[in-house]
Amino acid sequence: MTFPNPSAAFDRILIMGNGGAGKTWLARRIGEQLHHPVVHLDDMHWEPARYGIARDRALRDEMVKTAAERDVWVMEGVYGQLANMVFSRTTILIWIDLPEEECIANIKERGIQGSESQTQFDGLLNWVAEYRSRTNNWNSFETHARLFSVFSRPKFLLSSREAVTDFATGCPPASTRPPMKEPIFPNGGGKNAWMVVPVMTEQQWNAYHDIRRAVLFEARGLIGYEANHPDDRREGHFPLLLLLENTPVGAARLDLMSPQTACVRTVAIRAECQGKGYGRMLMAGLEKIASQHGVKRLVVNAARDAVGFYEALEWTVVEAGGESPVLTKELRTRPQW
C-alpha cells in the first residue's frame with residue numbers, strides 16, 4: 001500500500017463505513033501511531049450515557065464543526081451527513097467496505113454495549129444488514145460511495161480485514177508527527193465544558209505535578225514530592241489531566257498492568273474544586289481511555305476516606321484491610337478488532 005507524504009496528508013483523517021466494519025479499531029490504531037486525537041462521531045450524535053437518544057441536532061453539528069477545526073485528528077463514523085460537513089478539512093478519506101455478514105459477526109462478537117437493550121441491539125443488526133439496500137439515506141452504501149467518488153484528495157477503499165490491518169501497520173511512524181495537542185474525550189462543549197486529556201506538553205506536565213503536589217502531599221503535611229519520578233513516563237503509564245473550560249482541575253495516572261488490567265493511581269482534585277462532581281468526571285474520562293486500550297478490569301489502592309467515592313462509582317472492595325483498601329471495577333469494552 002502506497003501512502004502520500006505524511007508531513008502533509010495525514011493531518012486530518014476521516015474513516016467512514018457500515019456499523020461493525022472496524023472504523024473504531026482503525027481510528028484508534030492510527031491515532032496511537034500518529035499521536036492524533038480520535039473523534040468518534042457516535043459520541044457527538046448520541047446523548048452521553050443515553051444510548052438511542054439523539055443529541056440536539058444544532059448542538060451536534062456545532063460539536064462536529066468545532067472538532068474539525070483542530071489541526072490534527074482521526075474522525076470515524078457512519079454518518080454521511082457529518083462526514084460531508086468536515087470534507088473541506090479532511091486530508092485523507094478512508095472507506096471501509098466489508099460484506100454485511102462480516103460487520104454483523106463483529107457486532108455480535110462485541111455484544112451489547114452500555115445501556116443498549118436487546119431490542120436496540122437486534123435493531124442495530126437489522127440496520128447493518130440493510131446497508132446496501134437503503135436509498136436516499138445519509139448512512140448507506142449509496143451515500144458513502146458518492147462521497148468517496150467526489151473526494152479529490154488522497155483516499156483509500158479497504159474491502160477486507162487484511163486491508164484494514166495493512167493500513168494500520170503501514171501508517172507513518174509517530175516520530176514524523178507533532179505531539180498530540182487536542183483533548184480526546186470532550187463532554188459536549190458549552191458552559192462548564194470538561195475533558196480528560198493525556199499529559200503531553202510542558203505546561204500540562206507542570207499542571208499535573210502542581211495538582212498532585214498540593215493535594216497528595218502538601219494538604220497531608222507530607223514532603224518529598226518527586227516531579228521527575230520515572231513511573232510517570234514509563235511505557236504503558238498514562239498521566240491524565242481533567243480540564244474544566246481548559247483549566248486543569250484534576251489529575252490521575254492510568255497504568256497498564258496486563259493486556260486487560262490497569263491500575264488507577266494518584267487521583268487528585270484541586271482543593272477548591274472538590275465536592276463539585278469533578279472527581280466523577282475525571283474517572284469517567286479515565287475509564288473511557290482505559291476502554292480504548294482494551295482494558296476490562298481496573299484496580300485501585302484507595303485512601304480509606306475515598307472508598308465511598310469509588311463505591312458510588314460501582315467499584316467493589318476486594319481487600320478491606322490496611323490503610324489503602326483495594327477496589328476493582330469491571331469495564332465493558334469493545335474487542336481488539
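In what follows, every heavy atom counts, from backbone to side chain, and hydrogens, waters and symmetry copies are set aside.
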Whether the side chain of Arg212 engages the backbone of Ala251 through a donor-acceptor N/O pair (distance < 3.5 Å, no angle test) should be reported.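 Not at all, since once roles are kept as given, no pair shorter than 3.5 Å links the two residues.
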Is a donor on one side and an acceptor on the other found under 3.5 Å between the side chain of His36 and the backbone of Phe10?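 Judged by distance alone, yes, a pair lies under 3.5 Å.
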Just to verify, which of Leu256, Leu298, Val299 counts as forming a side-chain contact (heavy atoms from CB on, under 4.5 Å) with Thr261?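 By the side-chain contact (heavy atoms from CB on, under 4.5 Å) criterion, Thr261 pairs with just one of Leu256, Leu298, Val299: Val299.
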Could you pull out all residues at least two apart from [X] that satisfy salt bridge (charged side-chain N to carboxylate O under 4.0 Å, His left out)?
X      : answer
Asp210 : Arg213
Asp97  : Arg132
Arg304 : none
Arg234 : Asp231

Who pairs with [X] by side chain to side chain contact (heavy atoms under 4.5 Å, CB included), at least two apart in sequence or on another chain?
X      : answer
Val150 : Phe87
Lys155 : Leu93, Phe148, Phe151
Ala145 : Trp95, Phe141

Using the salt bridge (Lys or Arg N to Asp or Glu O under 4.0 Å) definition, which of the options Arg55, Lys288, Arg60 pairs with Asp43?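 Looking at Arg55, Lys288, Arg60, the match for Asp43 under the salt bridge (Lys or Arg N to Asp or Glu O under 4.0 Å) is Lys288.
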Which residues share a ring-ring contact (aromatic ring centres under 6.0 Å, His included) with Trp205, sequence neighbours left out: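 Scan of Trp205 (ring-ring contact (aromatic ring centres under 6.0 Å, His included), adjacent residues dropped) gives Tyr208, His209.
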Specify the closest pair of heavy atoms between Gly250 and Ile269, including all atoms of both residues, with the distance to one decimal.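 Looks like CA-CD1, 3.8 Å.
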Among residues two or more places apart or on two chains, list those pairs meeting salt bridge (charged side-chain N to carboxylate O under 4.0 Å, His left out) that have a residue in residues 14-27.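 Residue pairs with at least one partner in residues 14-27: there are none.
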For residues 250-275, pull every pair meeting salt bridge (charged side-chain N to carboxylate O under 4.0 Å, His left out), keeping only residues two or more places apart or in separate chains.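 Every salt bridge (charged side-chain N to carboxylate O under 4.0 Å, His left out) pair that includes a residue of residues 250-275, provided the two are not neighbours, is Asp232-Arg253, Arg253-Asp255, Asp255-Arg265.
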Which donor-acceptor pairs under 3.5 Å do side chains of residues 121-128 form with protein atoms, sequence neighbours excluded?
residue	atom	partner	partner atom	Å
Asp122	OD1	Gln118	NE2	2.9
Asn126	ND2	Asp122	O	3.4

Parallel, tilted or perpendicular, judged at 30° and 60°: which one describes the rings of Tyr310 and Trp315?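 Rings of Tyr310 and Trp315: perpendicular, over 60°.
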Does Thr247 have any side chain to side chain donor-acceptor pair (under 3.5 Å) partners at least two apart in sequence or in another chain, and if so, which?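 Scan of Thr247 (side chain to side chain donor-acceptor pair (under 3.5 Å), adjacent residues dropped) gives none.
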